[in-house]
Structures are given as C-alpha cells and as structure tokens.
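Okay, so here's the structure we're looking at.
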Amino acid sequence: MIDTHCHLDEENYEDLNVIINEMKDNYIIASGYDIETSKNVCKLIRKYNNIYGSIGIHPSEVKKFKISDINKIEEMISDKIVAIGEIGLDYYWDKDNKEEQKKFFIEQIKLAQKYNLPIVIHSRDAIEDTYDILNKYLKNTKAILHCYSGSYEMAKKFIKLGVKFGIGGVLTFKNSQKLVEVVSKLDLNNFVLETDSPYLTPVPFRGKTNHPYYIKYVAEKIADIKGISFEEVINCTTETACSIFDLNI
Ligand code: NI
C-alpha cells in the first residue's frame, strides 16, 4: 500500500517511529505545507527508506511568505522528493487574498514543471478557479487532486486534464454520498489512496488521530463500493501512484 498524502510532523504524534513502523512493509509520501514542514519532510526521507516526500506552500500559508520564498522549496528538491505539494487554492479559510493564492499556485506548478515533478493539489471552496488554472497551466504535468470533494460532473472535467484523485477517510463518513457517487461511477484507475494524517481519520477510528496505516480502511471501503476485492484496490491504486510519482518499488 502507498499512503500518497500525510503530514508526519513530530508534534502530531507521541511517537512517530511507532506510527511509521506500522507501515514498514508499505510506502508513504509525506507532505509539507510550508517551509518548516517541508524541511521536516526532507529529514524523514533521509531517515526512512520507505518514505518519499512532497514539498510546497499550502494556500492557507501563503500570507506568511513572499513569492520569492518558493526558491527555498526549490533548494530542497532531491532524489526522494517526488512531488510539489500541497499547493492550490483555499477560499474556505481565506477569501481576501485569492489573487495571491493563485500566484503561489501557478508559480509552484511552474516549479514542478521545471523538475518534471507531479503536483498534489489542495482545493477547498475553489473548484472552478482550480479547474481554470489547471486547464491553462497544467499541460502534460501529472497531478493529484488530494481529498477530492467535488461532484461527479466536475471530476469528469478534471479527468480530461489527466488529473487523478486522492481518496481518504472522508469516503467512510456517513455524509459522503457525493464522494461515494464519484468512486462508484469512475474507473478505479482514477484514484490513489491517502490518509491526510493526522486529519480525517476513517471509520472506525473517526475522531482520533489518523495514521498512514489506516489507508487500509479506505481501500476496504472502495472495494465495498465497487464490489471488488481489497487486493484489486491495493494493486490498482499502487500502480497508479507509482506511475504518477515515478516510483520504482
Ligand atoms: Ni494535507
């Protein structure tokens, strides 16, 4: 299994080693959301063989940075950095700096393109603007819309741009009919598994701290919805993740 998106910062866990050890036979892509957490990702990928990294400045953090700070993200790019993210737009938390958010998003897409890396996108209450920017700037860059929460119709538009979807614990929540529809109607090869740990913990642990290992509950739910085996979900989503992040595992 590959948890394609999680935040493994020390302060989130009593003992990070224990959490990572649960995934010792599996793979993790740890994600940063600003300069500091991207530095943490760089430490983790040096320490653990089965962890790869994604680095970038999250839309809710752009207020704290100048556009030139993206250079600091660029300096951190190495062999085990397999994506730029999470980047994107968030109008739920910040409505007053939309133009600034767009600038950071576009510049970081360009950074990914310079290094031939995929992007991991955060989009909240901003799906139309996210689409417009990807439509204009994505070109042949690979992309994952992490924690997808849009409609089936919108998903089909993103698929035409070559975008895949990160599916996490939200799928197991009672009020997730829209996402269940997306998962049931679209081919399995459009999805990768993610936890967004420590957030969005799947049922049966909803409300507690999330662990990367809990992606198995997300995989079980997808198998259940699509009427296929757990192994099929794992094999297909792992293959998709390896192709997007260019992992040779
Ligand atoms: Ni995240």
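No hydrogens, no waters, no symmetry mates; every other heavy atom, side chains included, goes into these values. Whatever order the structure lists ligands and atoms in, that order sets their numbers, starting from 1. Every value quoted in this text rests on a predicted model; they were computed, and no experiment measured them.
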Fill in: Environment of the Ni ion (ligand 1) in terms of protein N/O/S atoms, cut-off under 2.8 Å
His5 NE2, His7 NE2, Glu86 OE2, Asp196 OD1
Would you say [Y] and [X] are linked by a side-chain donor-acceptor pair, where the criterion is simply a distance under 3.5 Å?
| X | Y | result |
| --- | --- | --- |
| Asp34 | Thr37 | yes |
| His122 | Glu86 | yes |
| Asp3 | Thr195 | yes |

Show me the donor-acceptor pairs within less than 3.5 Å that the side chains of residues 231-239 make with the rest of the protein, sequence neighbours left out.
| residue | atom | partner | partner atom | Å |
| --- | --- | --- | --- | --- |
| Asn235 | ND2 | Glu231 | O | 3.3 |
| Thr237 | OG1 | Val233 | O | 2.7 |
| Thr237 | OG1 | Ile234 | O | 3.3 |
| Thr238 | OG1 | Ile234 | O | 2.6 |

Discussion item. Are Tyr52 and Phe245 an aromatic pair, judged by ring center distance below 6.0 Å?
Written reply: no
Item to complete: Could you tell me whether Phe205 and Tyr217 have their ring centroids closer than 6.0 angstrom?
Response: yes
